[in-house]
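Quick note: numbers below take in every heavy atom, side chains included, and nothing from hydrogens, waters or symmetry partners. Protein chains get the first letters and strands the later ones, always in sequence-line order, with residue 1 at the start of each.
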Amino acid sequence: MFDIKLIRDNPDKIKESLKKKRTDLSLVDDALLLDKKRRDIIGEVEKLKAENNKVSGEIAMMKKEGKDASAVIAAMKIVSDKIKVFDGELAKTDAELNTKLLYIPNIPHESVPAGDDEKANVIVRHWGSKPSFDFKPKPHWEIAEYLDILDDKRAVKVTGARFVIYKGLGALLERALINFMLDVQTRENGYTEIMPPILINRDSMTGTGQLPKFENDAFKLVEPDYFLAPTAEVPVTNIHKDEILLDKDLPIYYTAYTPCFRKEAGSYGKDMKGIVRMHQFNKVELVKFVRPGDSYDELEKLTLNAESILQKLDLHYRVMLLSTGDMTFASAKTYDIEVWHPGADRFWETSSCSNFEDFQARRARIRFKDKENKVCFVHTLNGSGLATSRLFPAIIEANQTKDMEVIIPEVLRPYMGGIDRITKK
RNA sequence: GGAAAGGUGGCCGAGUGGCCGAUGGCAGCUGACUGCUAAUCAGUUGGUCCGGGAAACUGGGCCCGAGGGUUCGAAUCCCUCCCUUUCCGCCA
């Protein structure tokens with residue numbers, strides 16, 4: 001969320017930045033008008049309240065001394081009624097202003113390339129190279145069906161389209177991946193493991209920026225007013241909602257595995273093959289709370305932490321710096337990590353690492369006392385480390401043999417009872 | 001799900017309509033004393049919003065789980081919701 005003071009002080013600069021993010025600039029003008037109105041009302045009502053407080057004390061004294069206070073009380077009744085009217089106006093204006101501010105996206109960092117969409121993204125680096133095959137590599141859905149490790153047809157019976165059943169060694173591979181990724185992040189990179197709730201209340205969804213604008217993207221319970229977590233970012237970032245941390249507490253690194261639930265609204269008919277775009281998928285998430293001055297260094301480190309998984313799995317990938325038009329609502333700077341799927345003959349995003357600066361912290365009221373004891377907002381970051389729905393296919397496709405077996409990557413074998421390949425039963 | 005008791009500042013805990021943003025204790029910070037540690041004494045201690053000021057700071061509003069209500073005046077009375085604890089029920 002935006003600091004209204006920032007908008008008040010340099011509206012043109014803010015508008016210039018938001019233009020790059022394809023934002024309706026009237027939001028900014030509306031917010032400024034409401035801000036002015038709000039402060040005018042506060043000026044009026046607080047004068048009345050100060051008088052009210054003063055005279056109330058005098059009434060108390062008069063009563064104590066046994067004097068008749070009825071004339072003063074009658075006069076204060078009028079003031080009190082006025083205060084109620086002003087307070088009602090103020091509450092209304094506050095709510096309107098807040099709504100405007102909640103719909104204004106974050107400002108992109110100056111290092112982010114300007115552009116309308118993903119075409120303006122910049123390739124930052126590659127790792128590894130496309131594996132070569134002496135046969136035509138198959139897509140993961142064909143291999144998985146042949147090996148009987150994924151079943152999407154029966155998942156339709158259980159739930160519906162865009163759900164999948166992991167079966168046998170497929171389920172074991174999925175579980176191995178999750179454990180492997182958590183172990184790397186906790187043991188090598190200093191993250192604390194979290195297992196959070198995956199039903200989320202409205203305030204937390206607002207805190208990380210999913211609400212109010214993107215309510216249609218999330219699955220929602222009929223009762224109570226809870227949402228299914230679209231990513232562990234939501235429950236884990238909100239762990240410190242409404243807290244004032246101490247300088248010595250920072251930085252905080254959390255990692256969490258959760259299933260993630262997304263409606264994928266607007267993508268009907270797209271990417272229906274395989275498991276790359278499911279309503280439910282598994283993801284290990286990395287979340288950081290850091291001092292403002294450190295957040296861009298921390299973003300680089302976080303991205304490398306996510307990449308390290310792909311390196312250990314020996315999977316070819318590239319890192320993209322997203323353009324202003326391709327970034328999400330809350331982010332100030334985002335790197336996407338895209339892993340190569342040889343069978344599909346394309347890269348797929350398997351991680352998105354973002355610095356939100358104080359955007360989420362302001363919404364979720366996550367602050368800390370700095371060395372001078374001043375209360376300020378922390379910076380929050382997160383990134384997938386990684387999403388299995390894009391990683392599992394990459395592993396299957398990159399490690400396939402001519403006769404449709406899958407070689408298990410070395411690092412996963414300890415997690416799979418030592419087996420080195422998945423074969424047809 | 002049923003019944004009861006509660007939610008007060010970093011922590012403990014007092015306060016049932018009028019100088020209560022809140023007694024007291026602990027912890028923290030500052031100073032004094034002490035060779036050091038400890039002890040003792042004195043002072044001090046939150047958040048947020050609006051205004052003034054370059055700033056230190058300062059004037060005012062609001063904050064006693066959340067939101068409403070009654071009243072000239074609410075931590076205190078009333079209503080709704082949330083949460084905690086205990087007992088009963090149910091249950092992986």
Side-chain angles (χ1 to χ4, degrees), chain A residues 1-10 31-102 195-207 211-212 221-227 235 238-250 252 258-259 358 361-378:
Chain A
M1 176 158 70
F2 256 98
D3 186 356
I4 184 63
K5 286 176 198 152
L6 214 70
I7 298 177
R8 202 188 289 154
D9 293 343
N10 3 245
L32 282 169
L33 279 173
L34 287 164
D35 174 53
K36 177 77 173 66
K37 187 177 169 195
R38 171 175 174 273
R39 287 186 296 153
D40 288 347
I41 298 172
I42 287 174
E44 291 300 314
V45 76
E46 289 197 351
K47 253 186 268 168
L48 293 175
K49 283 184 179 174
E51 190 195 345
N52 201 26
N53 287 342
K54 192 171 137 252
V55 177
S56 286
E58 287 166 13
I59 292 171
M61 292 299 280
M62 290 171 81
K63 291 219 166 178
K64 219 171 173 180
E65 292 163 12
K67 293 184 190 156
D68 177 23
S70 56
V72 189
I73 289 176
M76 288 321 290
K77 170 93 178 126
I78 294 166
V79 174
S80 175
D81 287 345
K82 265 195 202 165
I83 289 174
K84 269 180 195 136
V85 173
F86 275 120
D87 267 345
E89 264 304 290
L90 181 59
K92 212 180 113 216
T93 309
D94 259 339
E96 285 172 16
L97 174 59
N98 203 249
T99 302
K100 294 289 178 196
L101 293 177
L102 285 173
M195 203 173 274
I198 47 182
L199 293 180
I200 313 291
N201 66 32
R202 184 170 287 274
D203 188 51
S204 293
M205 289 286 280
T206 306
L211 295 185
L221 264 57
V222 172
E223 181 17 60
D225 188 28
Y226 293 161
F227 296 82
N238 281 287
I239 286 175
H240 293 296
K241 183 168 75 182
D242 284 314
E243 289 186 20
I244 299 179
L245 302 161
L246 300 176
D247 185 74
K248 68 176 168 65
D249 295 333
L250 301 177
I252 296 172
T258 67
D358 65 4
R362 196 179 295 281
R363 290 178 160 233
R365 303 162 300 276
I366 307 170
R367 293 167 293 169
F368 79 110
K369 277 194 176 163
D370 68 11
K371 288 197 174 70
E372 278 84 53
N373 246 11
K374 271 182 66 181
V375 176
C376 20
F377 289 104
V378 301

May I ask you to list the residues of residues 92-99 of chain A, by number, that have any heavy atom positioned under 4.0 Å from an atom of RNA chain B?
-> none
Across all strands shown, which nucleotide pairs with B:U80 by Watson-Crick or G-U wobble geometry, both distances under 3.5 Å?
-> B:A66
Taken to the nearest whole Å, CG/A:Asn52 to C1'/B:C72 is 7 Å
How is A:Arg362 classified with respect to the nucleic acid when contacts are heavy atoms under 4.0 Å: base, sugar-phosphate, or nothing?
-> nothing
Would you say a side-chain N or O of A:Arg39 is under 4.0 Å from OP1 or OP2 of B:G51?
-> yes
Does B:G61 have OP1 or OP2 sitting under 4.0 Å from an N or O in the side chain of A:Asn53?
-> yes
Whichever of A:Val375 and A:Tyr226 has the more 5' nearest nucleotide on RNA chain B, that residue is A:Val375
Can you check whether A:Arg367 has a side-chain N or O nearer than 4.0 Å to OP1 or OP2 of B:U48?
-> yes
Note: contacts of residues 69-81 of chain A with RNA chain B (heavy atom, under 4.0 Å) are A:Ile73, A:Met76, A:Lys77, A:Ser80
For B:C82, does either OP1 or OP2 sit under 4.0 Å from a side-chain N or O belonging to A:Arg202?
-> no
Closest to the 5' end of RNA chain B, once A:Asp35 and A:Ala50 are matched to their nearest nucleotides, is A:Asp35
What is the pairing partner of B:G31, taking Watson-Crick or G-U wobble pairs with both distances under 3.5 Å in any strand?
-> B:C41
Which value, in whole Å, describes the distance between the C1' atoms of nucleotides B:G6 and B:G15?
-> 16 Å
Considering every strand shown, what is the Watson-Crick or G-U wobble mate of B:G24 when both distances are under 3.5 Å?
-> B:C12
Select base, sugar-phosphate, or nothing to describe what A:Lys5 touches, counting heavy atoms under 4.0 Å on all strands.
-> sugar-phosphate
Please work out which residues in residues 56-66 of chain A have a non-hydrogen atom less than 4.0 Å from an atom of RNA chain B and list them by number.
-> A:Ser56, A:Ile59, A:Ala60, A:Lys63
